[in-house]
Protein chains: 2
Amino acid sequence: MIPYVLVVEDEDALSALLQYNLDKEGYRVTIAGDGEEALVMIDEQMPDLIVLDWMLPKVSGVEVCRRLRARSETRNLPIIMLTARGEESDRIRGLDTGADDYVVKPFSMSELAARIRAVLRRIRPGLAEDRLHHGDIIVDRVAHRVRRADKEIHLGPTEFRLLDYLMQHPGRVFSREQLLDAVWGSDVYVEARTVDVHIGRLRKALNQHVDNDPIRTVRSAGYSLDASA
Amino acid sequence: MIPYVLVVEDEDALSALLQYNLDKEGYRVTIAGDGEEALVMIDEQMPDLIVLDWMLPKVSGVEVCRRLRARSETRNLPIIMLTARGEESDRIRGLDTGADDYVVKPFSMSELAARIRAVLRRIRPGLAEDRLHHGDIIVDRVAHRVRRADKEIHLGPTEFRLLDYLMQHPGRVFSREQLLDAVWGSDVYVEARTVDVHIGRLRKALNQHVDNDPIRTVRSAGYSLDASA
DNA sequence: TAAAACTGTCACATAACTGTCGCATAGCGA
DNA sequence: TCGCTATGCGACAGTTATGTGACAGTTTTA
């Protein structure tokens, strides 16, 4: 699955550059222009990693960082800080606040990309690994196969991506909109109810040999992969 | 082709010695000082073999090993562990984790070099082997012959290379683009659909005497050699 | 040098998958 | 319990991806 990076940066020139290059590196990228916006987007879209400018309007980078660390859902969200030279003494405070790494401006794209790779690997090995297990479900991303209780399960491409995404965050509830963003892509327009249909198809496929349904419907909130099991 | 060896070792004296001696043995050598650095370098430089100290700062040797084995790109990367005497009981765990061989410190350079040669010869399946087997298919890369179920199969050059490539990674799904890169070469421009046609021809040739198709189509993803069978 | 073998593309047939509707149910607050 | 809202899901028509025979241009073989 494609890692999803949120860039929080108020200088448009830089954020556009970052978007362009990270996209080319194979990441899905969104931009937030200030800390407040960032906090909202993080909640809604659950990125895999955040590139966070130290200085930001409204809510500073440090503050964003601190708040994310204070909440359990975002405690392990990888964060890379961007700091300007001269704020160097602050770096340490940055890491204290809970950033996973920092890059000093001006930086090269390849340097940032390398840090991102390293941090993703270190913090969230699940992203890079090519097999996801949960209960009796196995998703093999390289072979593009799904098994449940040792039976081969055939899924269409969309159902496959949907399951893959849910398996990355077991137990977490996703709204239909979040799932559309993550699985269909933020650019296409599709009815939210379509998610229901695909969830239904996924359920049917997964439960054909087994009695218990691993997908939990959370009324008026969305769906999640059942954390138990 | 000079084999490229990455040495992961935190004691500078030892790593320098290794670099010197392995270089003299005819290997290209790079050093990583801890596990984290190693993981980055492996990704970026794709060495042919890794000499990995058991005890490392940040990310231990075992952990590095485990993570490499969890990702398909590095699953077959040969690894030789360096363990200190007294960690001997751990040795077994080392091999379980996926190391291909281990050497107990203190060791002689010639011993290490011999292990490296042996492992390179033994492990590199596609590169060194002159025959690939999978199910009832045999590809003889030296004689340039293919047999299935004991019948000689005639393939054109492109079909041969295509099958050869698929047989190096059974089960793994390759996109049309990946196959074009690997089989046709990254510089030529050929329609992606051309892959379909060659897959079709390959299928026809392979299945002429046998009923079951060893090539799996994964809709919207690509093709793979069926890992079962 | 002619015949045979091989390639890459196309066009068309078919199979697989998608998104939406609409109606049936289930859940929930009053 | 009633009424409203949210979800489940079969059906369907439109779309997209794949399989494959034909063909013309090239390369290899005899």
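Chain A is the first sequence line, chain B the second, and so forth, proteins listed ahead of strands; every chain is numbered from 1. None of these values were measured; they are calculated from a predicted model.
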Which residue lies more 5' along DNA chain C, comparing A/E191 with A/G156 via nearest heavy atoms: A/G156
Could you please name the option among D/dC12, D/dG19, C/dT9 that lies closest to any side-chain atom of A/R201? D/dC12
Any side-chain N or O of A/T158 under 4.0 Å from OP1/OP2 of C/dT18? yes
Counting side-chain heavy atoms from CB outward, which of D/dT20, C/dG22, C/dT18 is closest to A/R193? C/dG22
What is the separation between atom CG on B/D196 and atom P on D/dA22, rounded to the nearest whole Å? 18 Å
It should be established whether B/T217 places a side-chain nitrogen or oxygen under 4.0 Å from OP1 or OP2 of nucleotide D/dG19. yes
Less than 4.0 angstrom from a charged side-chain N to a carboxylate O is my criterion; do A/D130 and B/R71 meet it? no
Report the distance from atom CZ of B/F160 to atom C1' of C/dA5, rounded to the nearest whole Å. 17 Å
Using the rule salt bridge (Lys or Arg N to Asp or Glu O under 4.0 Å), only one of A/D211, A/D213, A/D136 pairs with A/R148; which is it? A/D136
Establish, with yes or no, whether the OP1 or OP2 oxygen of C/dC17 is under 4.0 angstrom from a side-chain nitrogen or oxygen of A/H154. yes
In this structure, how many angstroms lie between the C1' atom of D/dG21 and the CZ atom of B/R203, rounded? 16 Å
Indicate whether OP1 or OP2 belonging to D/dG8 is found under 4.0 Å from a side-chain N or O atom of A/Y223. yes
Write down the distance between CZ (A/R216) and P (C/dG27), rounded to a whole number of angstrom. 14 Å
Measure from the side-chain heavy atoms of B/E159 and tell me the nearest of C/dT9, C/dT7, D/dC9. C/dT7
Using atom CG of A/L206 as one end and atom P of D/dC9 as the other, report the distance to the nearest whole Å. 13 Å
Nucleotide D/dA6, atom P - distance to CZ of A/R176 in whole Å: 9 Å
It should be established whether A/W184 places a side-chain nitrogen or oxygen under 4.0 Å from OP1 or OP2 of nucleotide C/dT18. no
For the side chain of B/R219, counting heavy atoms from C-beta on, which of C/dA16, C/dT18, D/dT5 is nearest? C/dA16
For a quick check of understanding: with a heavy-atom distance under 4.0 Å over all strands, which category does A/V218 fall into, base, sugar-phosphate or nothing? sugar-phosphate
Is A/E37 reaching over with its side chain to a backbone N or O of A/V8, donor-acceptor style, under 3.5 angstrom? no
Just to confirm, is there a sub-4.0 Å distance from OP1 or OP2 of C/dT9 to any side-chain nitrogen or oxygen of B/T194? yes
Please check if the side chain of A/E9 supplies one atom and the backbone of A/E11 the other of a donor-acceptor pair under 3.5 Å. yes
Which pair of heavy atoms, one from B/R69 and one from B/D100, lies closest together, and at what distance? NH2-OD2, 3.1 Å
